[in-house]
Amino acid sequence: YSLYAARILFVPFQFKPLLRFMRAERPRLLIADEVGVGKTIEAGLILRELQARQRLGNVLIVCPKALTGKWQQEMRRFDESFIRLTSSSLRYCLNETELDGVWPSQYSRAICHLELLRVSNYLNGTEPGRRGRARRPGLLTLSPPPRFDLVIIDEAHHLRNPGTSSHEVGRFLCDVSEAVLFLSATPIHLGSRNLYSLLSLLRPDSFPVEDVFDEMIQPNAALTRAMRHLRTRSPQETWTQEVCDALDEAAETSWGQRVLRLDSRFKRWSAALKEGTELDDNGRIEALRDLEECHSLSHYVNRTRRRDVGKFTIREPRTVTVPFTPPQQEFYQALVSFRRDVLL
């Protein structure tokens, strides 16, 4: 439904997170694409798809303060009008939710920066003052809490440290939201512990303890290597053997022995490649799709790298010559003459 629902160019790989999101057991996804791939567009496509399929009431976008204007502008490309929350409008939303039990409808499409949400006055509220000042509710003290149909959190790696206010904001919003999108270009580079912290916020039911997570990700490096050889067909003479070796390595891990070896897709392609089956382009695409589904985080994380999408992310600067108007030319000459007189 979202294919023609925005003023954007059709770029096939930007629909990959949408497909993964719609097929997920729960509508929650970490989009960990590299910078420049188009995470904002991918989030907008998911928003439009959800809106076409169901009633989408309250939608909240959380991002660093410097990005609020960008998000407001980008959402206009999807014909979505979002309001940026200030300290006063956020206080109004909290007070109204405390009184009515629902998030105010005029702010059903809102953007709020994380730096504001994690301030104690808005997160935890305030107690009654000595001079009769009324108690002010905070996000964590609202009863009942507001409900959001979709929450999008950009630069989600800021939530990764347990015990911080940012982490508490993330946990609260995940608890009160039906669908959640985390966007971050850096979680893969921050280490497995930080990645686990984000995924445990997003899907606590699937990642209850870190030990299980560590076991789950053991075969992923080998699977990724196998898919890279399969995608590029390199080294040219030995890529088939490289794929087989990588799949064997993945199968030897504890997760591989308990899960991968029982997966029909993994068994099918591992056997086919060992038997020397020739794969045309369609066969390789099918194998890549199946092996990607065997990746233990495939249902929770979408990762697109710049090198995988070719020239799309390469910036091609062009010089545009614009002649001066007569007053501009006169000012320019005067400025050059002044600098020449002073410096020489």
Side-chain angles (χ1 to χ4, degrees), residues 27-31 39-44 46-48 50-51 56-126 136-161 164-187 198 201-202:
R28 298 186 171 209
L29 184 68
L30 167 60
I31 301 179
K39 293 185 291 296
T40 308
I41 298 298
E42 292 168 344
I46 290 174
L47 167 62
R48 294 297 289 174
L50 284 176
Q51 194 156 252
L56 205 60
N58 296 327
V59 179
L60 178 66
I61 297 174
V62 179
C63 63
K65 185 176 182 179
L67 299 180
T68 54
K70 174 197 170 187
W71 271 97
Q72 189 176 39
Q73 183 177 359
E74 289 291 329
M75 289 300 102
R76 292 196 184 105
R77 301 171 69 176
F78 296 90
D79 296 322
E80 292 287 345
S81 179
F82 277 78
I83 299 175
R84 285 189 275 180
L85 294 180
T86 63
S87 56
S88 58
S89 55
L90 176 58
R91 172 51 59 198
Y92 171 80
C93 289
L94 295 175
N95 291 341
E96 289 298 302
T97 304
E98 175 84 353
L99 292 173
D100 300 334
V102 294
W103 191 260
S105 59
Q106 61 266 45
Y107 293 100
S108 62
R109 295 290 187 275
I111 301 173
C112 189
H113 57 88
L114 180 61
E115 297 90 328
L116 181 62
L117 280 176
R118 68 190 183 195
V119 172
S120 180
N121 287 349
Y122 304 107
L123 182 60
N124 302 303
T126 60
R136 291 186 172 185
L139 268 178
L140 302 184
T141 66
L142 292 173
S143 182
R147 304 297 304 180
F148 295 99
D149 296 292
L150 174 64
V151 165
I152 301 171
I153 302 181
D154 195 9
E155 302 292 336
H157 52 272
H158 292 304
L159 313 180
R160 69 186 185 272
N161 295 320
T164 63
S165 298
S166 297
H167 189 85
E168 289 301 312
V169 169
R171 183 171 297 282
F172 173 83
L173 292 177
C174 287
D175 287 343
V176 301
S177 304
E178 174 62 25
V180 183
L181 278 177
F182 281 1
L183 279 60
S184 176
T186 62
L198 290 179
L201 278 178
L202 199 62

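Keep in mind the model is a prediction, meaning the values are calculated, not measured.
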Distance in Å, [X] [atom1] paired with [Y] [atom2], rounded so as to fall on 0.5 Å steps:
X      : Y      : atom1 : atom2 : answer
Ile61  : Ile152 : CD1   : CD1   : 4.5 Å
Leu123 : Leu117 : CG    : CG    : 8.0 Å
Thr68  : Ile83  : OG1   : CD1   : 13.5 Å
Ile153 : Ile31  : CD1   : CD1   : 12.5 Å
Glu168 : Leu159 : CD    : CG    : 11.0 Å
Glu80  : Gln51  : CD    : CD    : 4.5 Å

Would you confirm whether Arg28, through its side chain, and Leu202, through its main-chain N or O, come within 3.5 Å as a donor-acceptor pair?
-> yes
Between the side chain of Arg77 and the main-chain N/O of Ile41, is any donor-acceptor distance below 3.5 Å?
-> no
How would you list all residue pairs meeting side-chain hydrogen bond (donor to acceptor under 3.5 Å, both in side chains) that involve residues 144-155, not counting sequence neighbours?
->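 Every side-chain hydrogen bond (donor to acceptor under 3.5 Å, both in side chains) pair that includes a residue of residues 144-155, provided the two are not neighbours, is Trp71-Asp154, Glu155-His157.
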I need the minimum non-hydrogen distance between [X] and [Y], along with the two atoms involved.
X      : Y      : value
Tyr122 : Ser87  : OH-CB, 3.1 Å
Lys65  : Glu115 : N-OE1, 3.1 Å
Ser89  : Thr86  : OG-N, 2.6 Å
Arg91  : Asn121 : NH2-O, 2.9 Å
Cys112 : Leu90  : SG-CD2, 4.2 Å
Leu116 : Leu85  : CD2-O, 4.0 Å

Worked verdict on Ile111 versus Lys70 for side-chain contact (heavy atoms from CB on, under 4.5 Å) = CA-CA 11 Å; Ile111 301 173; Lys70 174 197 170 187; over 6 Å; no
Let me see the working for Cys93 and Trp103 under side-chain contact (heavy atoms from CB on, under 4.5 Å), right down to the final yes or no.
-> CA-CA 6 Å; Cys93 289; Trp103 191 260; 3.6 Å; yes
Residue set satisfying side chain to side chain donor-acceptor pair (under 3.5 Å) with Gln106, at least two apart, ordered chain then number -> Tyr92
Under a 4.5 Å cut-off applied to non-hydrogen side-chain atoms, are Leu114 and Pro64 in contact?
-> no
Result block: side-chain N/O donor-acceptor pairs under 3.5 angstrom for residues 171-178, not counting sequence neighbours:
residue, atom, partner, partner atom, Å
Arg171, NH2, His167, NE2, 3.4
Ser177, OG, Leu173, O, 2.5

Leu47 and Phe78: side-chain contact (heavy atoms from CB on, under 4.5 Å), yes or no, with the steps?
-> CA-CA 9 Å; Leu47 167 62; Phe78 296 90; 5.6 Å; no
Candidate pair Thr164 and Ser166, rule side chain to side chain donor-acceptor pair (under 3.5 Å), full reasoning | CA-CA 5 Å; Thr164 63; Ser166 297; 4.9 Å; no
